[in-house]
Number of protein chains: 2
Amino acid sequence: MGLTKTEIFTTEQNRIADLAKAFAHPARVAILQMLAARKSCVCGDMVDELELAQATVSQHLKELKRIGIIQGEINPPRVCYCINPSVWEEARQTFGAILDSFVPVPSSCC
Amino acid sequence: MGLTKTEIFTTEQNRIADLAKAFAHPARVAILQMLAARKSCVCGDMVDELELAQATVSQHLKELKRIGIIQGEINPPRVCYCINPSVWEEARQTFGAILDSFVPVPSSCC
DNA sequence: AATATTAATCGTAATATTGCGATAATAAAA
DNA sequence: TTTTATTATCGCAATATTACGATTAATATT
């Protein structure tokens, strides 16, 4: 098939998956690292840093905007992108919670 | 094209992306949540919990094994899956580090 | 008004992912 | 040895993702 059956999972599980998708491609990791470090902010500068075409970078930015983890401010003819602090915090909480929910114990089955 | 240019990114960026992929599909989130809570452990039990075919669940387990975040112990005719504590800890460190690397400041550009 | 700069979008191509039925593999149990 | 139970793998189909050239859109600048 090739279509994720989102309806059989909880809203939370789907949101976790979406937040993880923000980090699930090395180009998006690179973009988020740049924005987190405030190394660059303008789309064109990021295109220069990454060895990817402008259209490709723009597409990754669009996906990050869809998830909500970044926001753009039009400053013609440039667009300045920034991390959305509240969604970044949501990601911190979300990954923190799930990753803290497992505590290793010696007597596990394997 | 459709092929991620892994060679233009750092090993770290590619590893982060891989670890994120473990959580980037709601079915895998559900599997990891079950394993973290030790709710179930055997493949067949997970197939019962999830409304997905056995082949599909097996494929997600394979991907999680490739990433290293789970490990399986053959206990014929069953296979018991568990979280790999060291890779889980790697994920904790990795996501913790990247998510802590951004600190909001009021005077940002957008 | 014409030009230049920058980013978004469109169209296309190729690879990846998701999902499942059918089959194979494995080893215990009868 | 045959049967049963469980999981992995194969083959296929459909959708998603990644990537890029070309074009469009928006707005300063000349």
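Each chain gets a letter, A, B and so on, in the order its sequence line appears, and its residues count up from 1. These numbers come from a predicted model, not from an experiment.
- Within a heavy-atom distance below 4.0 Å of DNA chain C, the residues of residues 4-29 of chain A found are A/T4, A/K5.
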Checklist entry - What is the per-nucleotide protein-contact pattern of nucleotides 5-15 of chain D, from the 5' end, where B denotes a base atom under 4.0 Å from a protein heavy atom, S denotes such proximity for sugar-phosphate atoms only, and - denotes neither? => result BSBBB---BBB
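- Open room surrounds CD1 on B/I74; 12 or fewer heavy atoms of other groups in view lie less than 6.0 Å from it.
- The SG atoms of A/C41 and A/C82 lie 2.5 Å or more from each other.
- As judged by a 4.0 angstrom heavy-atom cut-off over every strand, A/L52 is placed among residues touching the sugar-phosphate backbone only.
- Checked by atom type and distance alone, the side chain of B/T94 pairs as donor or acceptor with a backbone atom of B/E90 at under 3.5 Å.
- No single ILVMFWY cluster, assembled from side-chain heavy atoms under 4.5 Å apart, contains both B/V42 and B/Y81.
- Residues B/Q93 and B/E89 have side chains that bring a donor and an acceptor to within less than 3.5 angstrom of each other.
- What you find for B/F95 and B/L19 is that their closest heavy atoms are CZ-C, 3.9 Å.
- Between B/R66 and B/E63 there is a salt bridge, since a side-chain N of the basic residue sits under 4.0 Å from a carboxylate O of the acidic one.
- Nucleotide C/dT3 is matched to D/dA28 when pairs are restricted to Watson-Crick or G-U wobble geometry with both distances under 3.5 angstrom.
- Side-chain contact between B/R38 and A/V105 is present, with heavy atoms from C-beta onward closer than 4.5 Å.
- Using a cutoff of 4.0 Å between basic side-chain nitrogens and carboxylate oxygens, B/D100 and A/R92 are scored as salt-bridged.
- Results of the side-chain contact (heavy atoms from CB on, under 4.5 Å) test with B/T6 over B/L3, B/T10, B/T4 single out B/T4 as the only residue that passes.
- Bounding nucleotides for the chain B contact on DNA chain C, 5' to 3', at a heavy-atom distance below 4.0 Å, are C/dA13 to C/dA27.
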